Number of protein chains: 2
Amino acid sequence: MQAIGTKRSRQREKIYQVLKKTVAHPTAEWVYEQVRTQMPRVSLGTVYRNLHILTAQGKIQELDFGEGLHRYDATVNQHYHFVCEHCGIVMDLDVPPQQDLHDRVRDLVPGKVTGHRLDFFGVCTACLSKS
Amino acid sequence: MQAIGTKRSRQREKIYQVLKKTVAHPTAEWVYEQVRTQMPRVSLGTVYRNLHILTAQGKIQELDFGEGLHRYDATVNQHYHFVCEHCGIVMDLDVPPQQDLHDRVRDLVPGKVTGHRLDFFGVCTACLSKS
DNA sequence: ATACATGCAAATCATTTGCGCAGTC
DNA sequence: GACTGCGCAAATGATTTGCATGTAT
C-alpha cells in the first residue's frame with residue numbers, strides 16, 4: 001500500500017523552505033525554478049507531487065484565483081487576499097477572519113460549512129502609476 | 001480589425017438561454033451538451049468562444065472554485081456561493097453584499113479595489129446523509 | 001460585399017502519471 | 001530489505017486557436 005508523505009526527502013524540504021521564504025504566493029513553475037538553482041536535476045513532476053503532499057499535510061495551502069494556474073502559500077492561518085488584475089501580484093490583507101459572517105452562513109446553509117475564502121480584486125499602486 | 005461579439009448568432013443566443021434557465025452553475029461541457037440537443041452540429045470551441053464573449057459583455061459571469069475547470073452563471077448581480085466539496089454542487093447564498101468589508105479593504109489596500117469574491121465551502125445535506 | 005462567427009481539428013498549457021532506479025527508515 | 005520518493009517522458013484534460021466556410025448586417 002501507499003503511505004504518501006511519510007518519508008522525508010531533500011526535495012520536499014527545499015520546496016517547503018522556498019515557500020517559507022517568500023511572500024509572493026508563487027506558482028509551481030516559479031518554485032521549480034527556485035529549487036532548480038540549488039538542485040539542478042529536480043523535475044517539475046516532483047515539485048507538483050510535493051506541493052500536493054505539503055498541502056495535504058496542512059503545511060502550505062493551494063490558492064486559485066481563476067488565472068488557470070495554482071499559487072502556493074506557506075502562510076496557513078486564515079487570511080484574505082488582494083489580487084492585482086494587471087500584474088497578478090497577490091498581497092495578504094490585514095483583515096481579521098469574519099467569524100460572524102461564517103456563523104451566519106453556517107446557520108443559513110442546509111449542510112455543514114467548513115470554511116470560506118475571501119478575495120479582493122483590483123489594481124495595485126505600481127500598475128496604477130504605470131497607466 | 002476585430003470587433004468581437006457585435007453580430008448576433010443563434011449559437012450564442014442558445015448558449016445564453018441555456019444558462020438563463022439553470023441555477024446549477026454549469027461547466028462549459030454541460031452547456032455544450034445542452035445546446036447540442038437542439039443544435040447537433042455546435043462545436044465545443046464555439047461554446048467556449050461565446051461563453052467568453054458573454055462574460056466580456058457582462059451578461060454572464062465566469063466562476064472558478066479551484067476545481068480545475070470553470071463554471072458559468074447567468075446571475076450577474078453581486079452574490080456569494082456555497083460549494084459542496086463532495087459533489088461539487090454550487091448554491092447561491094442569500095447574504096447581502098458586504099459593502100462595509102469592501103470599504104474597509106478599499107481604505108487599507110494601496111491601490112484600487114474593484115470587487116471581491118466570497119465563497120463558502122463544506123458538505124451539502126445530500127452528501128451528509130449519504131455518508 | 002464585408003467582416004464577424006462557426007465547425008473542425010490541431011495546438012497549447014498546466015498538471016498528472018507510469019515506470020525503473022535511487023534514497024530513506 | 002522494504003517501501004517511499006525521484007527523474008524522465010509520455011499522457012491527460014480543459015481550454016484555445018488557425019483556417020476555410022457560413023452567416024448577419
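Chain A is the first sequence line, chain B the second, and so forth, proteins listed ahead of strands; every chain is numbered from 1. As the structure is a computational prediction, the values presented were derived from the model and not from experiment. Only heavy atoms go into these numbers, but all of them, side chains included; no hydrogens, no water, no symmetry mates.
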Just checking, any donor-acceptor pair under 3.5 angstrom between side chains of B/His79 and B/Asp94?
-> no
What class does the angle between the rings of A/His81 and A/Phe65 fall in, given that below 30° is parallel, 30 to 60° is tilted and above 60° is perpendicular?
-> perpendicular
Taking NE2 from B/His52 and C1' from C/dC4, how many angstroms apart are they, rounded to a whole number?
-> 18 Å
Nucleotide nearest A/Ala28 (side chain, heavy atoms from C-beta), chosen from C/dT6, D/dT15, C/dT15 = C/dT15
If we ignore angles and hydrogens, is there a donor and acceptor under 3.5 Å between the side chains of A/Glu62 and A/Tyr72?
-> yes
Testing D/dG7, C/dT16, D/dA14 for proximity to the side chain of A/Gln11, the answer is D/dG7
Base, sugar-phosphate, or nothing for A/Arg8, non-hydrogen atoms under 4.0 angstrom?
-> sugar-phosphate
Remember a base hit wins even if backbone is also touched, and classify B/Arg12 as base, sugar-phosphate or nothing at under 4.0 Å, heavy atoms.
-> sugar-phosphate
Does B/His70 have a side-chain nitrogen or oxygen under 4.0 Å from the phosphate oxygens OP1 or OP2 of D/dA14?
-> no
With the side chain defined as heavy atoms from C-beta on, B/Arg49 is closest, among C/dT15, C/dG7, D/dC6, to C/dG7
Take A/Arg36 and A/Glu33 through the salt bridge (charged side-chain N to carboxylate O under 4.0 Å, His left out) test and state the conclusion after the steps.
-> CA-CA 5 Å; A/Arg36 205 142 78 113; A/Glu33 294 301 340; 3.5 Å; yes
Nearest-nucleotide pick for A/Arg41, side chain only, options being C/dT24, C/dA3, D/dC8 = D/dC8
Hey, does B/Glu29 reach any base, or is it just sugar-phosphate, or nothing, if we go heavy atoms under 4.0 Å?
-> nothing
Side-chain donor/acceptor of A/Lys7 to base of D/dT4, under 3.5 Å = no
How many Å lie between CZ on B/Arg10 and P on D/dA24, as a whole number?
-> 6 Å
Would one find a side-chain N or O of B/Ser43 under 4.0 angstrom from OP1 or OP2 of C/dT6?
-> no
Considering only heavy side-chain atoms of A/Tyr48, the closest of D/dC6, D/dA14, C/dT15 is C/dT15
Report the nucleotide, chosen from C/dC4, C/dA14, D/dG5, that has the shortest atom-to-atom distance to any side-chain atom of A/Ile4.
-> D/dG5
Looking only at heavy atoms, what is the nearest atom pair of B/Val95 and A/Val105, with distance?
-> CG2-CG2, 4.0 Å
